[in-house]
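Naming: A, B, ... by sequence-line order, numbering from 1 per chain.
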Protein chains: 2
Amino acid sequence: MTTSGLTFSPEIEARLDAAARLCSQQGATLTPLRREVLGLVLASDQPIGAYALLDHLRRSRATAAPPTVYRALEFLLERGFVHKVERLNAFIGCPSATDHAGHDHPHAVQFLICTCCGRVTETEDEGIASAIARAAERAGFRHTRATVEIEGVCRACAG
Amino acid sequence: MTTSGLTFSPEIEARLDAAARLCSQQGATLTPLRREVLGLVLASDQPIGAYALLDHLRRSRATAAPPTVYRALEFLLERGFVHKVERLNAFIGCPSATDHAGHDHPHAVQFLICTCCGRVTETEDEGIASAIARAAERAGFRHTRATVEIEGVCRACAG
DNA sequence: CCGAAGCGCGTTACACTATAACATTGTGGA
DNA sequence: TCCACAATGTTATAGTGTAACGCGCTTCGG
C-alpha cells in the first residue's frame, strides 16, 4: 500500500469526485486532506464528532491535530458538503450537496435525530421553512438561517 | 451585608418567587443556590454561559465549581425555567415559565438569535410547531421535541 | 530570476464546555 | 439511633474548539 490517504466505497468516491468538481467550479480545491475528511463523514452512518474524525484520520496521517480536522470541516461546512448537528456536536454529510450541482442559495434543512439508533436524516421541508420565514417577519426579524433539529424515534426504531 | 446569596431587581425577585411557588407545587425545592443561578440567568440581557454564571456565582460562593452551576442548570432546565441555546452553548431565562403557572406540556419554543446585538428572544409559534409535526409525521418520525434557532438581525439592530 | 502574497497545512499551546466519581452535610422517617 | 435521601462540596478528568506562529508551495508582477 503506497497509496496516499484512504479509499472509500465506490459510491462515496463518486460523491467525493462530484464534490471535487463543484469545488473547482468555485475556484476552490478539495485537497487530499479535505477529501479524506469528507469521505470519513460520508462513510459514517451516524453523526461523527471532530475527535472521532481525528482518530480515523490519524490512521493515514499520524501527525494530525485538532486544527487539521477543524479546518477541513470549516471548508466543508462553508460549501454545504457537511452539516453540523448542534445538539450532538457532530457532523453529517449533506446528501443533496453532491447530488444536484451548485444550488447556490443554501436551502433550509432540518434534521431528524433518532434518539434510539442515533441516526440523523436530513429533510428540506418547505412548510417548516416558510413557517419560520413568516414567524421571523412577524417579529421584525431579518433571518439569515435557521437550525432545526427534531428529536424523536425514527420509523425503523418505532417498528 | 450578612444576607446570604445575591439580591436582584424587584421584577426578577418576583419571578423567582413565582418559580419557587411552582417548584413547591411540584414537590421540588428552589434552593438558595438554584434561586441564585436562575436570578443570574434572568438578570442577563443576553444568553449567558455556564462558566460566566460560575464567575458571578463565586462572588457570593467562593468555592463554587462547574458541577455547582451545571447541577442547578439541570434542575432549572428540567422545569423549563431556563432554556439552552445550542448554537451558543448558553442559557436564557424562559419568560413564560414563571408568568402563567404550570403549563404541563412543554410548549415548542423557538429562539431568534440576533447576530448583531447578541440578544435572543423566545417565541412560541404555532405555525412552526405544526409544520414540524407534519414533516415529522410524513417521515414516519415520532418526534418528542424540536430545537429551532433562527439567526438574523433583530428589529432594533436593523433600524 | 527574485520577492511579495496567499493558501494549505503542521505544530504547540491553550480556552472553553461538560461530566464522572466520591465525600460531606443536613433532614426526616422507621 | 440508624437509615435513606436530597443537595451540595470537592477533585479530577473528559470532550469540544481556537489562537498563534511557522513552513513549504504556488503564482504573479517586477
Nucleotide [N], atom [atom2] - distance to [atom1] of [X] in whole Å:
{"X": "B:E86", "N": "D:dG17", "atom1": "CD", "atom2": "P", "value": "12 Å"}
{"X": "A:R87", "N": "C:dT17", "atom1": "CZ", "atom2": "C1'", "value": "15 Å"}
{"X": "B:E74", "N": "C:dA20", "atom1": "CD", "atom2": "C1'", "value": "13 Å"}
{"X": "A:L57", "N": "C:dG8", "atom1": "CG", "atom2": "P", "value": "17 Å"}
{"X": "A:L54", "N": "D:dT18", "atom1": "CG", "atom2": "P", "value": "14 Å"}

Item to check | Same apolar cluster (I L V M F W Y, side chains within < 4.5 Å links), B:I128/B:I113 | outcome: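 The answer is no; the residues belong to distinct hydrophobic clusters.
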Checklist entry - Is B:V37 reachable from B:L16 through a run of I, L, V, M, F, W or Y residues, each pair having side-chain heavy atoms under 4.5 Å apart? => result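 Yes; B:V37 is reachable from B:L16 via cluster members.
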Checklist entry - Could A:E74 and A:K84 be called an ion pair, given the rule that one side-chain N must be under 4.0 Å from one carboxylate O? => result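 Salt bridge absent between A:E74 and A:K84.
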Checklist outcome for this item: Per-nucleotide protein contact along nucleotides 7-16 of chain D, 5' to 3', at a 4.0 Å heavy-atom cut-off (B base, S sugar-phosphate only, - neither), is SBBBB----B
Checklist entry - When you check every protein heavy atom under 4.0 Å of nucleotides 23-30 of chain C, what one-letter string (B, S, -) results, 5' to 3'? => result --------
Item to check | Minimum heavy-atom distance between A:D125 and B:A135, given as atom pair plus value | outcome: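 Distance-wise, the nearest heavy atoms are OD1-CB, 3.4 Å.
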Checklist entry - Going by distance alone, is a donor N or O of one side chain under 3.5 Å from an acceptor N or O of the other, for B:T7 and B:E13? => result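 Absent: no donor and acceptor within the cut-off.
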Checklist entry - Among side-chain atoms of A:E124 and A:S96, is any donor-acceptor pair under 3.5 angstrom? => result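 Yes - a donor-acceptor pair under 3.5 Å links their side chains.
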Checklist entry - Which residue pairs pass the ring-ring contact (aromatic ring centres under 6.0 Å, His included) test when at least one of the two sits in residues 111-144 of chain B, sequence neighbours left out? => result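 Those involving residues 111-144 of chain B are B:H83-B:F111.
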Checklist entry - A:T29 side chain to A:T31 main-chain N or O, any donor-acceptor pair under 3.5 Å? => result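 No; zero donor-acceptor contacts below 3.5 Å.
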